[in-house]
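Letters A, B, ... are given to chains in the order of the sequence lines, protein chains preceding strands, and every chain is numbered from 1.
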Amino acid sequence: MSFQGVSAAPRAPDGGSGTPEIALDGFGVTFPTFRFAPLTLTVAPGDRIALLGANGAGKSTLMRALGGFLPQYEGSIQVDGAEVRDLLPGYRRRVGLLPEKLIGTPSATVAERLDFLAAFHPSWDSTYAAELLSALELSASARIGTLSKGMALKFSFVAAEAFRPPILLLDEPTSGLDPVVRRIFLSLLREILGRVPARTLLFSTHILEDVEAFAERVWVLRAGSMVEDISISRLRSQAGGGGLSSVLCEAIEQPPSD
Amino acid sequence: MGKLSPEVTALYRLHRRSLREMLRRHLLFGVAILLGAMLLAGRSPAYVFPLYACFLLLGVPFFAVTSLGTDRADGTLEFLCGLPVRGRQLALGRLLALLEGCALTGLFTAAGIMIFLANRLGPWPVLSSALAGFIGASLLMLASGAFLLWLALRFRPETVAAVLPLGLLAVVFILRPFAPSLSGMWSGFLALEGWLLPILGGVAALSALHALLSFHLLSRAFDRCVHDPSRARVSSR
């Protein structure tokens with residue numbers, strides 16, 4: 001599939017320049033029934049990170065935190081040296097988040113919702129959005145409230161990508177897609193990322209093939225703790241001649257080393 | 001919408017769509033019911049103007065609350081609070097959408113004033129009173145709408161929608177023994193004549209202050225939701 005429409009470097013209309021560095025220092029969250037243990041790490045511009053873990057491991061929490069959607073946390077989340085909560089709401093112009101669930105404006109059509117979103121992102125490219133819709137075979141006249149899980153995912157991806165944010169956060173982007181659309185989606189994502197290498201990608205998934213296809217680094221979460229932060233090249237050397245899947249499954253299942 | 005930011009314009013258009021639909025239904029059924037009642041009672045259809053203005057005085061602020069409740073229930077409020085948007089812009093978009101309802105209330109109030117004062121006062125006092133009535137009623141609606149929106153955002157919209165009419169009924173019930181008869185009120189109203197304009201002007205000024213204060217409160221409440229969109233969920237209350 002040939003896909004046209006990805007231009008050069010992403011713009012940062014809120015005054016930020018290019019893709020920022022994100023640094024977590026002792027980041028942690030405590031909910032009544034869940035605790036995310038303190039975490040310190042850095043996401044460099046251009047990092048391609050896969051987030052793995054069982055359901056409820058804290059993947060979406062971490063993703064929401066990195067996207068500036070979690071106001072109360074311990075420690076700090078710094079974007080180019082500034083605390084993320086102090087950068088709101090402008091920071092959201094630098095982040096394209098594909099959420100776990102599509103919410104809001106159920107009676108609006110896909111086209112209406114995209115038009116609406118365009119008003120909030122100065123770098124929104126309507127032509128690009130139309131091309132993405134067409135590439136993903138999503139009807140612009142479909143109503144948001146009637147979209148199936150797969151269609152909602154496709155729409156969320158278009159909404160997250162149409163303003164070419166420097167940071168893409170994709171929460172299980174391929175989980176509801178049929179094999180054909182999944183292949184189209186992955187090919188599209190590969191093309192988009194290939195043209196602008198400086199963009200940061202963080203995606204959560206349960207599909208280990210996606211990890212092999214896109215990630216350069218893997219974070220493994222278990223019950224609110226990060227148990228592994230490892231590069232794909234290191235994983236490959238651990239796997240030897242075998243596939244990564246068995247090594248990854250082992251990393252997800254094994255207890256923390258400490 | 002020349003001077004509005006694209007964000008506020010988009011929000012205004014989104015909210016106007018749902019509020020206009022509510023207003024259209026209210027106007028259609030409200031006027032038809034009142035007109036039928038006036039005809040059945042053998043009264044002049046002109047009574048419809050002031051009576052429908054009274055309907056709107058209660059209805060318009062509740063449209064705002066109902067719309068916010070719907071938005072919270074279907075996730076629209078959380079979606080909006082997750083956008084790169086400031087609380088002030090969210091508040092402004094909602095209040096601008098409410099303006100049509102406010103203006104309609106003002107128009108019916110002005111028409112009611114003109115009809116009932118036409119034979120009693122000269123053209124200038126009638127026109128100026130109607131204009132003051134229009135501005136006063138419109139601003140009163142805007143202020144009530146903004147205040148109720150703040151209450152609905154701070155608390156549950158359904159609680160506000162249920163408690164407020166009960167509160168109003170309670171006030172009416174308590175004040176009933178002290179209130180003059182309708183005819184007494186009407187003659188008292190006509191006796192005001194020279195005072196009518198300053199009174200309506202005073203209502204407008206106080207409403208404008210109230211609207212500004214409510215707008216400030218509403219903006220701050222929306223700002224909290226922008227920093228934590230999960231506050232906009234039904235389940236978070």
Side-chain angles (χ1 to χ4, degrees), chain A residues 12-16 29 31-32 60-61 64-65 67-73 83-109 112-124 143-145 152 155-156 159-160 163 165 169, chain B residues 1-22 67-94 96-97 219-236:
Chain A
D14 61 332
V29 195
F31 295 120
S60 298
T61 302
R64 283 181 56 216
F69 291 91
L70 204 65
Q72 285 166 1
Y73 50 83
E83 194 60 36
V84 75
R85 59 164 80 93
D86 299 331
L87 295 174
L88 292 176
Y91 173 62
R92 291 186 186 146
R93 292 204 171 111
R94 304 173 78 178
V95 178
L97 174 69
L98 184 152
E100 221 176 350
K101 193 181 167 197
L102 178 62
I103 52 166
T105 62
S107 60
T109 63
E112 285 167 347
R113 172 91 164 232
L114 291 176
D115 278 348
F116 177 77
L117 285 170
F120 296 85
H121 298 282
S123 59
W124 189 275
R143 298 219 173 263
I144 297 293
F155 169 78
S156 296
F163 58 104
L169 303 175
Chain B
M1 307 305 294
K3 288 188 179 175
L4 290 177
S5 68
E7 292 94 334
V8 174
T9 307
L11 288 164
Y12 159 67
R13 286 186 179 144
L14 178 80
H15 299 313
R16 187 185 61 180
R17 196 166 132 179
S18 59
L19 284 170
R20 194 178 268 181
E21 186 55 40
M22 284 190 228
S67 149
L68 189 80
T70 310
D71 283 357
R72 192 194 282 276
D74 67 18
T76 301
L77 193 60
E78 189 182 349
F79 156 66
L80 295 178
C81 292
L83 292 170
V85 68
R86 295 189 182 283
R88 197 176 56 245
Q89 293 172 315
L90 286 170
L92 194 58
R94 274 192 190 270
L96 285 174
S219 298
R220 286 184 53 181
F222 270 125
D223 264 331
R224 280 192 287 274
C225 287
V226 167
H227 277 80
D228 181 5
S230 66
R231 277 172 177 265
R233 280 182 205 152
V234 177
S235 56
S236 72

**Request:** Quick one: which of B:C81, B:G82, B:G87, B:S18 has the most heavy-atom pairs under 4.5 Å with chain A, could you say?
**Result:** B:G82
**Note: A:R92-B:E7 ion pair, threshold 4.0 Å (strictly below)** = no
**Prompt:** Most heavy-atom pairs under 4.5 angstrom with chain A, which of B:L83, B:D71, B:D74, B:D223?
**Reply:** B:L83
**Message:** Here's one to test your reading of the geometry: is the NZ or CZ of B:R13 within 45 degrees of the ring axis of A:F116 and under 6.0 Å from its centre?
**Reply:** no
**Prompt:** With only heavy atoms counted, which part of A:L117 is less than 4.5 Å from chain B, the side chain, the backbone, both or neither?
**Reply:** side chain
**Asked** Is the side chain of B:E78 donor-acceptor paired with the backbone N or O of B:G75 at a distance under 3.5 Å, no angle test?
**Response** no
**Prompt:** B:L14 versus chain A, heavy atoms under 4.5 Å apart: side chain, backbone, both or neither?
**Reply:** side chain
**Complete:** Applying a strict 4.5 Å limit to non-hydrogen atoms, the region of A:Q72 in contact with chain B is neither
**Item:** Interchain contact, B:L77 with chain A, by part (heavy-atom threshold 4.5 Å)
**Value:** neither
**Mutual orientation of the aromatic rings belonging to A:F163 and A:H121 [parallel < 30°, tilted 30-60°, perpendicular > 60°]** = parallel
**Salt-bridge present (B:R17, A:E112; N to O < 4.0 Å)** = yes
